[in-house]
Amino acid sequence: MDGDICATDTATTPPDSDPARKRRVHGMLKLYYGLNEEGKTVDQAESMNPCDINGTHFDPEVYLNKLRRECSLGELMDQESCMVKQIRSLDSDMQTLVYENYNKFISATDTIRKMKNDFKKMEDEMDCLSTNMAAITEFSAHISGTLQDQHAQITKLSGVHTLLRKLQFLFELPARLNKCLELQAYSQAVSSHRRARCVLQQYSHMPSFRGIQDDCHAIMDKLAQELRQKFRDGGSSAEDLSECVELLLQLDEPAEELCDKFLSHAQSRLEANLRGLEAELRPPLSSGPTSVIDPSIGPARRLSAAPTAGSPADPTSPGNPFLSSSSRTDILEFIDRGCNEFVSSLCLVIASYQELFVNRPQEGNLASKDIPHMAIGKLHAFVDALATCYFSLVERRIQEEKSVGDNSLLVRALDRFHRRLQAVAKLLPGSAVPSQGTEIVVRAARERIKQYLAALQSFYLDSLRDVRQALAAPRLGGSSAGGGSHLAGPATGKDAPASLPELLSSLSASILNQIKSVLASVHLFTAKDITFSNKPYFKGEFCSQGVRESLVVNFIKFVCQSSRQFCESAGDRGGSTPPALLLLLSRLCLDYETSTITYILTLTDEQFLVQHHSPVTAVAALCGEARGAAQKLLNHYVKVQGLIISQMLRKSVETRDWVNTIEPRNVRAVMKRVVEDTTSIDVQVGLLYEEGVRKAHSSDSSKRTFSVYSGSRQQTRYAPSYAPSAPMDTNLLSNIHKLFSERIDIFSPVEFNKVSVLTGIIKISLKTFLECVRLRTFGRYGLQQIQVDCNYLQMYLWRFVSDENLVHFLLDEIVGSTAHRCLDPAPMEQSVIEVICERG
Amino acid sequence: MEDDAPVIYGLEFQARALTSQTAESDAIRFLVGTQSLKFDNQIHIIDFDDENNIISKSVLQHQAGEIWHISASPADKAVLTTCYNKTSESRVVTCGAVWRMPPEWESGSHESPDDPHNSHNPQNLELLCHLDNSSHGNASCVLWEPMGDGKCVISLADNHALLWDLTESSTQATISSSATLEGKGQLKFTAGKWSPHHNCTQLATANDTAIRGWDLRTMSQIYCIENAHGQLVRDLDFNPNKQYYLASCGDDCKVKFWDVRNINEPVKNLEEHSHWVWSVRYNHSHDQLVLTGSSDSRVILSNMVSISSEPFGHLVDDDDLSDAEDNHQDEKTKEPLQDSIISTYEEHEDSVYAVEWSSADPWLFASLSYDGRLVINRVPRALKYHILL
């Protein structure tokens with residue numbers, strides 16, 4: 001026990017000083033009894049030391065020896081007193097424990113004693129119970145022994161009763177069936193019959209049962225007949241019909257026939273829907289209205305056709321008011337009606353058909369016949385045939401949709417059409433109907449693009465007609481007012497074509513607007529909320545090939561083409577197309593080339609997010625085309641205007657007797673007219689085209705004299721290189737001039753500016769003048785008149801051209817040629833000429 | 001294979017009238033009539049020596065007036081007609097006459113052209129007869145019966161077409177029949193051509209923008225191409241090998257080719273010139289070669305193979321050529337040829353009013369510009385051999 005002293009010694013805590021002490025004591029006890037906190041034996045491998053006072057192998061002898069050997073006396077004394085203190089405290093602890101446990105033991109003993117008393121009472125009661133039970137058992141055995149016989153009898157009787165009831169059911173069956181038939185409770189009748197059928201079949205060798213069976217058969221036949229009749233009659237609803245079909249199936253009717261009948265019945269109703277739709281269409285002129293729903297679909301179709309043919313509601317019978325009064329509904333209504341009537345009934349039919357024939361639980365002998373396979377086949381054929389009719393109706397209706405005003409209606413109608421077909425697709429997977437429907441939508445979209453192109457084209461032509469009228473209207477006023485002085489040319493000329501830039505801008509703006517609105521309309525096809533817009537066609541080909549190529553590019557090409565046609569068809573006389581229109585179109589095409597085409601195409605590409613899978617027309621190519629058209633138009637303009645002036649000059653030269661003319665007093669009126677017209681052309685062109693570059697004028701541009709011709713130009717001779725026979729005195733000056741001046745192309749392409757255009761016109765006019773002069777013979781005054789005229793032209797024309805030397809040269813040629821063709825070449829004095837010209 | 005340079009000859013006077021000497025099939029010879037109001041007019045007979053590239057000329061006086069049109073008899077080398085202006089009492093009248101060249105001219109023809117003696121003492125033409133047309137107006141041209149015996153001419157005067165019979169060695173001319181163009185306004189024939197087909201019974205004329213065909217047996221109109229050109233029609237020519245084909249040219253700068261059986265549309269259009277086209281001529285033997293002259297001072301030689309009588313090149317069965325057989329294989333594989341412009345000749349400085357193929361050498365042609373320059377050119381050799389082989 002003194003080993004404890006050593007263990008507590010190291011703790012140096014007085015045993016009573018700490019409230020945790022008690023616990024520690026418990027801990028120690030526990031330790032001693034080899035229990036740790038968890039109550040498990042502690043591993044005591046380390047306490048093999050015999051000196052461990054708490055260890056199990058404690059050897060007091062060894063310990064004492066060790067102490068004695070190692071410690072001093074003082075220490076031993078301390079050890080001893082410490083140990084004594086510990087022993088004492090342990091002692092008191094033990095006493096406490098013993099006392100506590102003793103109390104508990106006392107109370108437990110009391111309880112046990114009380115229990116012993118209670119049990120004794122219970123034992124007595126149990127004994128009593130077991131005797132009572134023995135008595136009951138005895139009684140019971142006695143009763144059952146007495147009731148044995150009666151029980152067997154009752155069981156037998158009850159069996160007989162049941163049998164009798166069954167028999168009664170059988171005997172009453174015909175009557176019951178009859179009654180059901182009367183009440184039209186077909187389903188009850190069928191279920192009753194089904195219950196009885198097996199029994200009757202089994203006992204059919206007995207005459208009485210045979211009778212019942214025959215009766216039942218007769219009745220059921222009648223019932224089946226009636227069901228079929230009902231089935232055939234169109235009046236019943238879809239639910240009724242399905243019930244009928246179910247019953248008939250239970251009556252072992254052949255499923256195939258039922259399918260056919262069901263479908264033919266549905267067909268007659270759907271065809272009625274279709275006829276209703278067709279009645280809304282304009283009746284085609286050539287063929288009868290029944291043409292669409294004509295392809296008869298097997299014998300079933302003919303079966304159903306018989307009862308409907310005579311019915312008064314048959315819209316095919318002649319004199320139907322629906323056909324004659326073409327109550328036109330818009331396409332959305334039409335499609336709506338088609339969807340609500342035809343497509344939804346079709347869906348209903350498909351659903352109920354599938355319910356009846358395809359998704360039936362396979363039971364009994366029906367399973368062997370593979371009904372679903374057959375039924376599905378029939379259904380597909382049926383749906384396809386009807387859908388074809390429906391589609392042809394829809395297509396006819398879409399084709400009637402010619403007006404391009406509101407595209408949204410059509411798009412919405414198509415959307416609805418397409419959306420409703422998705423229902424069919426869900427009901428009947430694998431059917432070709434939805435894809436055909438999509439094709440219709442695609443076709444409609446293509447058609448629509450064509451219509452829009454046509455509409456744009458006609459719009460363009462209409463706008464041109466308007467422009468033409470606008471050009472014609474003020475022109476009349478302008479020319480009558482411009483008859484006055486030629487010097488006021490710019491002012492009077494302004495009146496007529498003043499509106500040219502406005503016309504141009506309004507024309508191009510209205511075309512652009514029209515294109516934009518058409519694009520917006522077409523854009524509806526690709527709107528996000530439209531079901532078919534995510535079809536690959538609408539994502540790709542519609543945008544690039546359809547809208548961009550067929551619509552926009554084709555339209556631009558059309559504009560160029562039709563502009564070119566003005567050059568071709570107007571004839572070379574230039575009579576039909578007003579020159580101003582040519583000019584305006586030329587500018588329009590040029591604008592297209594520089595900006596509009598790029599703009600429109602960029603707009604299209606952005607709006608439609610065109611991804612070009614297939615090659616498309618490049619912007620540059622279109623621009624090139626537009627530029628070509630612009631050039632051609634402008635060339636044609638120059639030609640036409642040049643010809644108008646040429647004609648004047650030519651008539652004036654051809655109709656005059658130049659030999660016998662009088663001395664010139666005035667500039668001829670035609671020359672004033674030429675200058676006047678040139679001025680107004682200048683104004684007109686200036687409204688649309690830039691000035692352009694011209695060579696610097698000499699200071700005396702208008703004052704140049706024709707001194708070259710004065711003094712009779714001798715008939716001189718030109719020196720040929722190979723045949724130098726002729727004397728060397730040809731009209732040398734002129735020829736030397738020609739040698740060094742560039743060859744002049746009269747009808748040559750012009751540049752897109754005013755000066756170039758005017759130069760072209762003047763070139764054509766003056767060259768004509770020259771050629772005409774060469775064909776005539778002149779007298780002295782004829783020559784002088786030409787001198788005066790040329791001087792006058794010189795005064796006014798130089799300012800219009802890019803290179804005034806050109807005018808000089810041509811006028812020189814004219815006067816020179818006239819001198820050659822003159823019988824008496826006596827030129828007029830330059831001063832006189834000038835006086836006459838200034839007098840005007 | 002270098003082409004020879006063009007040969008240029010200058011006249012002293014301005015000139016519009018040019019013809020080849022139709023009856024001459026050996027020498028390359030052109031006749032040019034001058035236009036001068038002040039001096040005596042001349043007819044220059046231009047001989048071209050193809051071997052030596054040398055021109056020699058003779059000059060005959062044509063004192064009657066300035067020559068607007070000249071035409072050589074197809075039968076008699078020495079006979080020719082002119083249309084000339086006669087000025088009298090300040091009136092200008094255009095007349096037609098038949099002339100005979102003096103027999104001596106040819107003797108001096110080989111003299112050097114710069115022989116002063118020859119050029120200063122020219123001989124006169126001998127007048128055979130006037131195509132007296134005082135009642136019919138101004139003559140614009142005289143046409144010989146193609147390939148005829150030189151007994152028939154047609155003159156076009158204002159709006160009349162007159163068929164003359166020349167008798168007594170062409171010294172007498174009598175009108176055998178005539179046709180008159182009726183219509184509003186002053187109608188005037190500007191050009192005409194006697195068709196070498198249909199036994200020479202057809203004539204084509206041009207007035208203003210229309211081309212008309214006439215049957216000479218009845219002197220009635222057989223077709224009329226209204227608005228054949230946008231403006232005046234200046235000249236016509238018949239395809240020598242295809243009887244219904246006709247070329248026309250005019251002030252709209254175009255040359256058009258017509259099939260007179262279908263007059264609504266021209267078969268082909270050429271628009272190469274930049275001013276009025278005054279003259280168009282089919283080559284006499286190879287009708288794909290078309291020559292045009294214009295007042296833009298250019299002469300253009302076109303190869304109109306697609307509407308020619310040999311659209312696929314020389315045909316196999318044509319073995320006129322000695323070496324044709326060697327090339328049969330090549331020709332069979334030939335593609336239809338493309339129409340093209342062969343060449344543009346820019347030797348002229350002034351308007352070209354007349355072009356003419358030589359009657360002797362099918363590969364040679366002359367063009368005449370107003371300033372009196374006559375240029376003789378050849379078809380490029382490459383093309384010539386291409387056509388021949």
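Letters A, B, ... are given to chains in the order of the sequence lines, protein chains preceding strands, and every chain is numbered from 1.
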* Can you name the residues that form a side-chain hydrogen bond (donor to acceptor under 3.5 Å, both in side chains) with A/Ser652, not counting sequence neighbours? -> A/Arg668
* **Proximity breakdown for A/Arg650 and chain B, heavy-atom pairs closer than 4.5 Å** => side chain
* Do B/Phe365 and B/Tyr345 have their ring centres less than 6.0 Å from each other? -> yes
* What are the residues of residues 656-664 of chain A, in order of number, with any heavy atom under 4.5 angstrom from a heavy atom of chain B? -> A/Val659, A/Asn660
* **Option in A/Thr768, A/Leu775, A/Leu823, A/Leu770 with maximal non-hydrogen atom pairs under 4.5 Å from chain B** => A/Leu775
* Check side-chain hydrogen bond (donor to acceptor under 3.5 Å, both in side chains) between B/Ser367 and all other residues, then give those that pass, not counting sequence neighbours. => B/His348
* Asked: Is the side chain of B/Ser358 donor-acceptor paired with the backbone N or O of B/Leu364 at a distance under 3.5 Å, no angle test?
  -> no
* Asked: For B/Asp158, which residues count as a side-chain contact (heavy atoms from CB on, under 4.5 Å) partner, sequence neighbours excluded?
  -> B/Asn138, B/Lys188
* Asked: Considering only heavy atoms, which portion of B/Ile46 lies under 4.5 Å from any heavy atom of chain A: side chain, backbone, both, or neither?
  -> neither
* Donor-acceptor contact present, side-chain A/His808 to main-chain A/Leu811, <3.5 Å -> no
* Short question: side chain of B/Thr190, backbone of B/Ala206 - any donor-acceptor pair under 3.5 Å? -> yes
